[in-house]
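In what follows, residues are counted from 1 in the order of the sequence shown.
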Amino acid sequence: MSFAKRMSQLGTENAFAVAARAAKHQADGHTVYPFHLGDLNFASPEHIKEATIKALHDNKTGYCPAAGILPLRAALAEEINLTRGTKYSPENILIQPGGKPVIGKFLLSFMNENDEVLFPNPGFPIYESQIEFLGGVAVPYSFKQTEQGYSIDLEKLEACITPRTRLIIINDFHNPTGSECTQEEREKLAHIILKHKLIALIDEAYFDIRYEGKSTSILSLPEMDKHCVMLYTFSKKFAMTGWRVGALVAPLKYMESMARLNVNMESCTSHFSQYGALAALTGDTKPTEDMLKTLKKRRDTAVSMLNTITGIHCPSPASAFYLFPEVTGLMQKKGFSKYDTFSEDLLIKTGISLCTRAHFGKILPHEQTGTDKNKFFVRLAYSGIDEENIVKALNILKSYAE
Ligand code: PMP
């Protein structure tokens, strides 16, 4: 029995390998400070659980329409219009088992073999994996360091566009850097999309995870709703990562065909879970507000402590729950020039488990030989570790560094 060729193209989220390594270290009797996984150590709010339990008692246990239950589609259209200034109707919404399936369905729907697809690097590793698995050509675009943090290198991005470029993936409120576009950058991206007739996937998984200011979407700009497919997820805002409920939002003319993908792949998203998601959108907002307050405190503590450590420079992003400090000085001081040996040493000597830049896409040429040569970055997620342990871990890190 031999595997199909495409299986060799299937990538993964290497953060899961970091989690396995951390679990082993813990099983060996050591304390582990988990900064690696983008999961939340908050319980889903009670009213969401109760609505789901009621749906189970009401026997919402059979199949439902492939596109999702209508009240949820209606509530989500309203929520997206309110927060993004769009004009979607329930018919623009396809409920999905999480946000992640939107990536593959977007590519299956719009990418022909050998089409070039622009995607962020560093970025969520599933983009590159799915592009290559489904027969496309993955073309990375990069980020540059700014005074505030990081931003997409738009000049380089546009220079990557060829006649074969058909699609672009944009993850505003970005994993792993926590960066977001300025309004000017969103306008430039919109201009690029229109000028080159691209179809865009707008991944806004972290749109609602923000600590100051207000999130704005590229979808609010003229014509964008006609050229973009949006990835929405209940995972982060409502601490529902394990529920697997999200949505694909797209122009009406594509909906029938894209809903057929749902019919083919999973029939429908878990029926009763959709009542939980409906309660999330229509119910008490306090649990989310409280969670954001806690996350903000964790962010502020972690950023200020990291910035007291020689050899670490850590920006403070206003959204998502990731920090992406530059650790070049620290690695040099400790004598490391490779991520894997550094992170293993860190785990063994401090118990800190984290992802490095290498977990978010192949290292790009300008990082190997160009302007960013020998610069090193790591990602700390503060979504799954309490403030008390953040303080303990970063004190240990300071001693390790000094
Ligand atoms: N997009 C990004 C950028 C993410 O980081 C994640 C999850 N870590 C997702 C999409 C998918 O999330 P989910 O499938 O839980 O909705």
Side-chain angles (χ1 to χ4, degrees), residues 1-17 38 66-67 93-142 157 160-172 174-176 189 192-193 196-205 226-233 235 244-251 253-269 359-364:
M1 205 167 88
S2 62
F3 252 0
K5 255 194 272 165
R6 76 175 76 82
M7 288 304 284
S8 66
Q9 300 294 324
L10 193 60
T12 187
E13 262 188 78
N14 288 321
F16 288 107
I93 312 269
L94 288 177
I95 303 302
Q96 302 294 330
K100 202 182 247 181
V102 177
I103 300 166
K105 285 178 185 173
F106 167 76
L107 296 169
L108 279 167
S109 301
F110 296 105
M111 186 184 73
N112 288 308
E113 218 169 303
N114 295 325
D115 279 350
E116 290 177 5
V117 185
L118 290 162
F119 74 100
N121 178 346
F124 190 39
I126 297 306
Y127 306 137
E128 184 174 24
S129 165
Q130 288 282 305
I131 295 165
E132 292 183 342
F133 180 63
L134 297 171
V137 179
V139 181
Y141 64 82
S142 57
L157 182 154
C160 293
I161 297 179
T162 75
R164 281 171 45 207
T165 311
R166 289 247 307 139
L167 308 176
I168 180 168
I169 298 177
I170 298 168
N171 174 212
D172 210 352
H174 180 234
N175 179 7
L189 279 167
I192 291 171
I193 290 169
H196 298 280
K197 297 189 174 58
L198 305 178
I199 306 173
L201 173 67
I202 309 297
D203 179 344
E204 293 190 344
K226 297 191 187 72
H227 293 263
C228 297
V229 170
M230 178 188 152
L231 178 159
Y232 180 91
T233 179
S235 288
R244 313 311 303 137
V245 192
L248 180 158
V249 187
K253 63 179 173 184
Y254 303 124
M255 296 315 273
E256 202 189 315
S257 305
M258 294 186 99
R260 234 182 294 151
L261 280 174
N262 282 19
V263 177
N264 275 267
M265 289 178 160
E266 59 278 311
S267 297
C268 63
T269 298
H359 291 104
F360 300 97
K362 295 173 188 126
I363 307 291
L364 298 172

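Applying the salt bridge (Lys or Arg N to Asp or Glu O under 4.0 Å) criterion to Lys362, with sequence neighbours excluded, gives Glu128, Glu132. Taking the side chain to side chain donor-acceptor pair (under 3.5 Å) definition, one finds that Thr233 meets it with Ser235, sequence neighbours left out. Phe119 is linked by a ring-ring contact (aromatic ring centres under 6.0 Å, His included) to nothing, counting only residues two or more places apart in sequence or in another chain. The salt bridge (Lys or Arg N to Asp or Glu O under 4.0 Å) test applied to Arg244 returns no partner, not counting sequence neighbours. For Phe133, the ring-ring contact (aromatic ring centres under 6.0 Å, His included) criterion is met by no residue, not counting sequence neighbours.
Taking CG from Asn121 and CG from Leu364, the interatomic distance works out to 4.0 Å, rounded to the nearest 0.5 Å. Distance check: Tyr232 OH to Ile95 CD1 gives 9.5 Å after rounding to the nearest 0.5 Å. Put simply, CZ on Phe16 and NE2 on His359 are 12.0 Å apart, with the number rounded to the nearest 0.5 Å. Considering CD1 of Ile131 and CG of Leu107, their distance stands at 5.5 Å, rounded to 0.5 Å. The line from CG of Leu108 to CG of Asn264 is 10.5 Å long, rounded to the nearest 0.5 Å. Distance check: Leu231 CG to Ile170 CD1 gives 13.0 Å after rounding to the nearest 0.5 Å.
When every heavy atom of His227 is checked against every heavy atom of Leu198, the shortest pair comes out as ND1-O, 3.8 Å. When every heavy atom of Phe106 is checked against every heavy atom of Ile168, the shortest pair comes out as CZ-O, 4.3 Å. Contact between Arg164 and Asn114 at its shortest, heavy atoms only, is NH2-O, 3.3 Å. Contact detail for Ala250 and Met255: the closest heavy-atom pair is O-SD, 3.6 Å. Closest approach of Ile93 to Ala247, counting heavy atoms only: CG2-CB, 4.1 Å. For the pair Asn262 and Ala66, the tightest heavy-atom approach, listed with the atom from each and the gap, is ND2-O, 2.9 Å.
Counting heavy atoms from C-beta on, the side chains of Leu167 and Glu116 never come closer than 4.5 Å. At least one side-chain heavy atom of Phe360 sits under 4.5 Å from a side-chain heavy atom of Asn175.
Salt bridge annotation for Glu266-Lys105: present, with a cationic side-chain nitrogen under 4.0 angstrom from a carboxylate oxygen.
Remark: side-chain polar atoms of His174 are paired, donor with acceptor, to backbone N or O of Pro122 under 3.5 angstrom.
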- Let me see the working for Leu157 and Leu189 under side-chain contact (heavy atoms from CB on, under 4.5 Å), right down to the final yes or no. CA-CA 10 Å; Leu157 182 154; Leu189 279 167; 4.1 Å; yes
- Task: Applying side-chain contact (heavy atoms from CB on, under 4.5 Å), run through Met111 and Leu134 and close with a yes or a no.
- Result: CA-CA 8 Å; Met111 186 184 73; Leu134 297 171; 3.5 Å; yes
- Assess whether side-chain contact (heavy atoms from CB on, under 4.5 Å) is satisfied between Val139 and Thr165, documenting all intermediate values. CA-CA 9 Å; Val139 181; Thr165 311; 6.0 Å; no
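Each side chain to side chain donor-acceptor pair (under 3.5 Å) pair with one or both residues in residues 7-17, not counting sequence neighbours, appears once here: Glu13-Lys100.
With Leu201 as the partner, the side-chain contact (heavy atoms from CB on, under 4.5 Å) test is satisfied by one option alone out of Leu248, Val229, Asn171: Val229.
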